[in-house]
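Per chain, numbering begins at 1; letters A, B, ... match sequence-line order. Only this structure's heavy atoms are used, side chains among them; waters, hydrogens and symmetry mates stay out.
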2 protein chains.
Amino acid sequence: MKPPSEKTAGRRSSRPSFEPLQPHEVELADFFVRMAGILGVPRSVAEIYSLLYAASAPLDFDQIQGRLGMSKGSVSQGLKFLRDHEMVLSVKAKGDRRERWQPTPSLAASLVTLLRSQVLPALELAQPSLQRVLEGAQKKGASPEVIERLGRLNRWNARALELFPLLLPPPPGS
Amino acid sequence: MKPPSEKTAGRRSSRPSFEPLQPHEVELADFFVRMAGILGVPRSVAEIYSLLYAASAPLDFDQIQGRLGMSKGSVSQGLKFLRDHEMVLSVKAKGDRRERWQPTPSLAASLVTLLRSQVLPALELAQPSLQRVLEGAQKKGASPEVIERLGRLNRWNARALELFPLLLPPPPGS
DNA sequence: GCCATAGTTCAAAAATTATTGAAATGTCTG
DNA sequence: CAGACATTTCAATAATTTTTGAACTATGGC
């Protein structure tokens, strides 16, 4: 598999080197990085996803690391993030030790998973808290306007919490 | 400039001190800070909005600074952000020099403005870029699968760009 | 079991983003 | 229009987030 003499062409510190990114791959990465930014997803994660998205075949760990020129740690954490959000999946050819990664078929579904994981916990956490805030304000004798605002906020949150799962249903495997 | 003796009960460096936050105000701030975090809005901005949201009457600059214990710079920038996104508006009592701030009536509308400002520019920027990426991939003879993926991404972006203004129409004053 | 390979962990370093505050810039008011 | 007051600006600092890499763990093949 590997040339016995020179390992994987590995330079000094374990960072395999591969063909640098093509211009169109760079431009796609820019796109994904910007979009990811809006959702607070780190650059390295977006770059990995982008690379897989534009790849004609699944890529393994070393190929990802090599072509993006990033550290093992980042690749590992990035793939973990993408796995956790069901944005990539691995195929393993039989008799092959390493995993090879490709994007999940539906980007739409991936985004849903991502949004769910960010928004749902926040909504759930908020519910009892907002309740208490409203009570606190009432007890303190806040103005009717404030009471009205806080009540509206409560109802909104409740409705969002109830609607969200309908709009973005959880994937079967969770 | 600085109080030789003592002005608004100001401590050392020009920071007026006011009544500290009530428990329910703190809890509401936590909520807004968390939600803002999802959209990448800084804590200080969320705190200001939260304070105004729970306030029975509009607050002026010094009250905001004092009750939140933050710097003048942060209050100024925070209010600018909120103003720019039409999340607060100022009322000025006649014969009064300072502005007094309150949240815009509709939180929903505020969120729309915020989302627009984040997402629309990204979508617009992406359009020509994605076009080029697709062409680049075609020229490079990428696999049919990749071409299909990139084509889908293009159509998505175009559709989003076209739908977004319908879903979240720009406010009259812009 | 043992070695080699594949991937993970996590503390430290680097990069990014937010906040501060002192100086600058208005702008009302007398 | 002068001077006080309200707000903005922005370079410096602080806080936070991301990335790195070396040590560690896990797994498969012999």
Problem - For A:Ser143, side chain to side chain contact (heavy atoms under 4.5 Å, CB included) partners two or more places apart - result: A:Glu145, A:Val146, B:Ser56
Practice task
Determine whether A:Val91 and A:Gln102 make a side-chain contact, defined as any pair of heavy atoms from C-beta on separated by less than 4.5 Å.
Solution key: yes
Exercise for the section: For the pair A:Glu148 and A:Arg152, find out whether any cationic side-chain nitrogen is under 4.0 Å from an anionic carboxylate oxygen. Expected result: yes
Practice task
Under 4.0 Å from any atom of DNA chain C, heavy atoms only: list the residues of residues 44-57 of chain B that qualify, in numerical order.
Solution key: B:Ser44
Exercise for the section: Would you give a per-nucleotide map of nucleotides 7-16 of chain D, 5' to 3', where B means the base has a protein non-hydrogen atom under 4.0 Å away, S means only the sugar-phosphate does, and - means neither? Expected result: BBBB------
Handout entry: Length of the line joining A:Ile64:CD1 and C:dA6:P, which is rounded to integer Å
Key = 14 Å
Exercise for the section: Taking the side chain as every heavy atom from C-beta outward, state whether A:Ile64 and A:Leu68 have any pair of such atoms under 4.5 Å apart. Expected result: yes
Handout entry: Donor-acceptor side-chain pairing of A:Glu86 and A:Thr104 below 3.5 angstrom
Key = no
Donor-acceptor contacts under 3.5 Å from residues 34-46 of chain A side chains, at least two apart:
residue: A:Arg43; atom: NH1; partner: A:Glu47; partner atom: OE2; Å: 3.3

Practice task
Check side chain to side chain contact (heavy atoms under 4.5 Å, CB included) between A:Ala108 and all other residues, then give those that pass, not counting sequence neighbours.
Solution key: A:Ser106, B:Trp156
Problem - Nucleic acid contacts - residues 29-40 of chain A versus DNA chain C, non-hydrogen atoms under 4.0 Å - result: none
Completion exercise
When rounded to whole Å, the CE to P distance for the pair A:Met70 and C:dA14 reads 18 Å
Exercise for the section: Please tell me if the side chains of B:Glu25 and B:Arg67 come closer than 4.5 Å, counting only heavy atoms from C-beta onward. Expected result: yes
Problem - From B:Leu28 atom CG to B:Leu51 atom CG, the distance as rounded to the nearest 0.5 Å - result: 9.5 Å
Practice task
Is it possible for you to say whether A:Leu79 and A:Val33 belong to one hydrophobic cluster, with membership spreading through side-chain heavy-atom contacts below 4.5 Å?
Solution key: no
